[in-house]
Each structure stands twice: as C-alpha cells, then as structure tokens.
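In what follows, a single structure is set out as structure tokens and then discussed.
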Amino acid sequence: MLVPIHKVFAPALCFAFFCVTTIQAAPKDIVTTAVENGSFKTLAAALQAADLVSTLQGEGPFTVFAPTDDAFAKLPKGTIDTLLKSENKDKLTAILTYHVVPGKVSSQQVVGLSGSVTVNGQQVDIKAKDGAVAVDGANVVKTDIDCTNGIIHVIDSVILPAEQTVVETAAAAGSFKTLCAAIEAAGLVETLNSEGPFTVFAPTDEAFANLPEGTLDSLLKPENKNKLISILKYHVVAGRVYSSQAVEAGEAPTLLGPELMIKVVNGKAMVNKASLVKTDIDSINGVIHVIDSVLIPAEDSTAQAHPAAKVIENAVATGSSYYNNGHHFACAQLYDQTASKVLAMKPSVLSPETHHSVETTLHQTRAMSCMTTRAVTLRQALDLAYREVR
C-alpha cells in the first residue's frame, strides 16, 4: 500500500454493575449532560458557535476532555470573544475537536495511554503519574461522567492544537535550518505547506553535517535539484502517521516511492539506519519525527519509474487525505479518474494481466453505491498498477 489509510480504534469497555440504594438519573447525551452540569457554559456556547452540538449529540461514541468555565477563563483576555466570532469558526472547530477522541475511553484506559488521536486529527499527549493524569499539560480533575453517547473527563485548562505547517514547525524549532534550506532549494515549500497531511522524518542540522564533505553543497546546486527533490521526498510519507502506528506497520511508503523500514532494535526505534530521537511533533498539516541521519534512497530507486508512477503517487497522496477526513466520495472520484488516466496511456504502461484487472475493477466500482468500499477497492487497483510502473 502506498499510504496507510488511517483507522481509529474505539476500545470496547467492560462495565461492572453494582447495587445502589439511591435512584440515579438516566444518562443523557454529552451536550445535554454538560449544559445541565452548569460548569461548562463557555464550552456549550463554543459548541453552538462551531455548529458541533448536533455532532456531539449524535450516536458517537465520543470521549470528551471538557474544559470548565474556569479553564476557559485562563485564556488570554479577549481570546474567547475572538474565537466566538463567525469568521473564526474554523479555528474554533479545530480547537473543540482537539478535545474529542473517537470511541468511549474510560479513565482506567486513559492511564494506560501515552497519547490518543483526536477528531481534529492531531494527537494529544497523555501522562499519568502518582494517580494524576494530564492531557497536553491540562490536569484531569474529574473522570467518567457517563453519557448515552460517550463519556466526559473534566480538565482544568483548554488544550490547543498546533497551528503551524510542518515547514513552519521545523523552522521554528531552530534545529532544522539545513532541512528548511534544502526544502526551499528544491521548491517543495508550497507542497509541504499545503493541506496534506504529511509525515516528515526530519534530519537535524547535525545529521546533515555528518554527510560526506561537499555532499550538501553539491545537492544545493541548481543542476542537482532533481536529486535533492528525490532525497527530500524519501523523507516524507503521505498521511499523518504517528510513531506507534509506524512501528506497528513496520514500513512506510514515501512520496518518492520506495518504502522506509521501521523497526525497534535493542529498544531503539529505527528508520532504515537512522535513529528516531524525537517523535510525534504535531503540526496543522502533519506530524514530524526527528531522526539523526539523512536517509539516502538507492541510486536506481526511480531510474525505472514511469511517469505513471508520479500520477499515481500524487493521486494517492491527495486521495488519502480525502479519505482520512471522511470525504470518501471525493477520494473514490479521484482514484477513478487516475485509474482511467493510467489505462489510457500509450503505449500501455501495464502488462495485459494488470491492465485487464484495473479495467475490470474500474467498471465494477462504478456500480457501487458505498463510496467507502469503492474508494478502498480502487485504491487496491492503483496499488497493483503502481507496483508495476515504479
């Protein structure tokens, strides 16, 4: 597979029922529970402004890390009023969905996690120590408020998602000056500032300094731009892949085409022969993992690649973003158009068997009513074609 399709695991919960001597009110949905509690007036107003009320009253289930009114009051003066303005709806939505995790996760399960991917797409960090739990630095002050469509854990601060792109995040860090210069020289700034999402295995300045003398100066010359582009693309994976997902997968197909091998050796996570020294640095359009060596693709990694490979790579990078954000119809349409384009290339770029297989899949999927199944099936056909042309 070129790009892993992200799946969110909603853990199943086991409930223990106890006899009680008092009659307790039946649980209500997340929004109603928060409103009736009386401590979440600002959160309720924000959900209304972001048009998320119906979503969080839906079937779910959801786990909400809910900031109290006092938590919102900690924000700089004027922040809440600004966020509630209609022109800032997208920013408000991004913040609120960063407080929501798909699935119903009890406090007992939360303490066993180091992080969790939110509805926003970015991951919150979870730290449990001495019976206390913090989510992105916000303290969990009350847990397990049961609702009909999920569960609420109360936190004492508003947590904020990243707002910079992967390029801006790297530039702000200060330890990726060479990488940023290389991205600019290769003309990839606009690409890596786009919606993505992307996963970047980012070599530090020290990693670039460890290349053989003269290598970097040579790569930055205009006549070597294509080679520099290939090397940089070898450090980028389409989609937002967190470290735990990457290690579990064991490999990650790059924008260049060839896959990176990811494994744990003597307790240390490795990407090819580079060590992962810091992971899961979120950005608004992806995630960065820091590595201590520059990854160099094989000299012939793209020598046999046909232009069709680039067409498929671009389609999958965009299509995976569509799919992971729930736009399955758009994903399926893009994959349909791409398969048609590859089949129409003259002379034929595929073997007769693969051409027939892709063509048959194309016709079959056009009769499908489920866009999710259609997108996944077409993706498999593109993967088959890609393996033949890259």
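What you are looking at is a predicted structure, and each value in this text was computed from that prediction instead of being measured. All values below were derived from every heavy atom in this structure, side-chain atoms included, with hydrogens, water molecules and symmetry-related copies excluded.
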In Ile284, Ile288, Val200, Val287, the residue satisfying side chain to side chain contact (heavy atoms under 4.5 Å, CB included) with Thr169 is Ile288
Between Gln109 and Leu113, the two heavy atoms sitting closest are O-CG, 3.5 Å
Task: Over 12 non-hydrogen atoms of neighbours within 6.0 angstrom of CD in Glu190 - done: no
CG (Leu362) and CZ (Arg366) are apart, to the nearest 0.5 Å, by 4.0 Å
Ring centres under 6.0 Å, that's the criterion: do Tyr323 and His328 meet it? yes
Discussion item. Checking side-chain polar atoms at under 3.5 Å, does Tyr234 have a donor or acceptor matched by the opposite partner on Asn272?
Written reply: yes
- Does a salt bridge link Lys221 with Asp217, judged by any charged N lying under 4.0 Å from a carboxylate O? no
Q. Quick one: are Pro197 and Ser321 in side-chain contact, heavy atoms under 4.5 Å?
A. yes
Under the side-chain contact (heavy atoms from CB on, under 4.5 Å) criterion, do Thr204 and Phe176 qualify, and how do the steps go? CA-CA 5 Å; Thr204 60; Phe176 303 104; 4.1 Å; yes
Side chain of Asn88, backbone of Leu84: donor and acceptor closer than 3.5 Å? no
Rounding to 0.5 Å, atoms CZ (Arg374) and CD (Gln333) come to a distance of 4.5 Å
- Within a radius of less than 6.0 Å around CZ of Phe208, do more than 12 heavy atoms belonging to other residues, nucleotides or ligands occur? yes
Interatomic distance, CG@Asn325 vs OG@Ser320, rounded to 0.5 Å, equals 10.5 Å
Report yes or no: does Thr254 contribute a side-chain atom to a donor-acceptor pair with the main-chain N or O of His235 at less than 3.5 Å? no
Decide whether Val105 and Leu96 are clustered together by the hydrophobic rule: side chain heavy atoms of Ile, Leu, Val, Met, Phe, Trp, Tyr closer than 4.5 Å, transitively.
no
Using side-chain heavy atoms (C-beta onward) and a distance below 4.5 Å, is His153 in contact with Ser107? yes
Val124/Ile159 under side-chain contact (heavy atoms from CB on, under 4.5 Å): CA gap, chis, key distance, verdict
CA-CA 9 Å; Val124 290; Ile159 55 177; 3.9 Å; yes
**Prompt:** With a 4.5 Å heavy-atom cut-off, do Thr360 and Gln364 have their side chains touching?
**Reply:** yes
- Item | Donor-acceptor pair, side chain of Asn285 and main chain of Val166, under 3.5 angstrom | yes
Near Glu213 CD, under 6.0 Å, is it more than 12 heavy atoms from other residues, nucleotides or ligands? no
Item checked: CA sep, side-chain torsions, deciding dist, call: Arg240, Gln123, side-chain contact (heavy atoms from CB on, under 4.5 Å) -> CA-CA 10 Å; Arg240 194 188 292 266; Gln123 178 173 273; over 6 Å; no
**Request:** Is it possible for you to say whether Ile30 and Val119 belong to one hydrophobic cluster, with membership spreading through side-chain heavy-atom contacts below 4.5 Å?
**Result:** yes
Residues Ala381 and Thr361: closest non-hydrogen pair is CB-CG2, 3.9 Å
Item to complete: Ignoring hydrogens and angles, tell me if any N or O in the side chain of Asn149 forms a donor-acceptor pair with the backbone of Gly60 under 3.5 Å.
Response: no
Heavy-atom closest pair (Ala385 atom, Thr354 atom, distance to 0.1 Å) is CA-CG2, 4.2 Å
key: Asp292 side-chain N/O to Val277 backbone N/O, donor-acceptor pair under 3.5 Å   = no
* Polar contact flag, side-chain donor to acceptor under 3.5 angstrom, Ser106-Asp144 -> no
Between His99 and Ile155, is there a side-chain heavy-atom distance shorter than 4.5 Å? yes
Could you tell me if the side chain of Phe72 sits less than 4.5 Å from the side chain of Leu43, heavy atoms only?
yes
By ring-ring contact (aromatic ring centres under 6.0 Å, His included), Phe201 pairs with (sequence neighbours left out) His289
> So, Thr42 and Asp69: side-chain donor and acceptor under 3.5 Å apart, yes or no?
Replying inline: yes
Closest heavy-atom pair, Gly319 versus Leu334, reported as atoms and distance to 0.1 Å, is N-CD2, 3.6 Å
Handout entry: Flag if over 12 foreign heavy atoms under 6.0 Å of NZ, Lys74
Key = yes
Should Ser293 and Asn210 be marked as a side-chain contact (heavy atoms from CB on, under 4.5 Å) after you check the CA-CA gap, both sets of side-chain angles, and the distance that decides it?
CA-CA 8 Å; Ser293 301; Asn210 289 334; over 6 Å; no
Under 3.5 Å donor-acceptor, Ser357 side chain and Glu353 backbone: no
*For Thr318 and Ala315, indicate whether the former's side chain and the latter's backbone hold a donor-acceptor pair under 3.5 Å.*
no
Does a side-chain heavy-atom distance below 4.5 Å link Leu179 with Ile183?
-> yes
**Message:** Determine whether a donor-acceptor pair (N or O, by modelled atom type, separation under 3.5 Å) exists between the side chain of Ser230 and the backbone of Asn226.
**Reply:** yes
Rounded to the nearest 0.5 Å, the CG atom of Leu192 sits from the CG atom of Leu188 at a distance of 6.0 Å
| query | Any chain of hydrophobic side-chain contacts (each under 4.5 Å) joining Met261 to Ile231? | reply | no
Original post:
Backbone N or O of Lys28 within a donor-acceptor pair of the Thr33 side chain at under 3.5 Å?
Top reply: yes
Subject >> Common cluster, Ile80/Val35, ILVMFWY with side-chain heavy-atom separation under 4.5 Å >> reply: yes
Q. Val316, Leu350: one ILVMFWY side-chain cluster at the under-4.5 Å cut-off?
A. yes
dist Met368:CE -> Leu378:CG (nearest 0.5 Å) comes out at 7.5 Å
Q: Determine whether Ser157 and Asn139 make a side-chain contact, defined as any pair of heavy atoms from C-beta on separated by less than 4.5 Å.
A: no
Nearest heavy-atom approach of Pro102 to Val117 is CD-O, 3.5 Å
Heavy atoms of Met371 and Ala332 approach each other most closely as O-CB, 4.2 Å
Open item on the list: Treating Thr68 as the side-chain partner and Asp156 as the backbone partner, does any N or O pair qualify as donor plus acceptor under 3.5 Å?
Closed with: no
If we only count heavy atoms from C-beta on, is the Leu56 to Asp29 side-chain gap below 4.5 Å? no
Taken to the nearest 0.5 Å, the spacing of Ile312 CD1 from Arg379 CZ works out to 10.5 Å
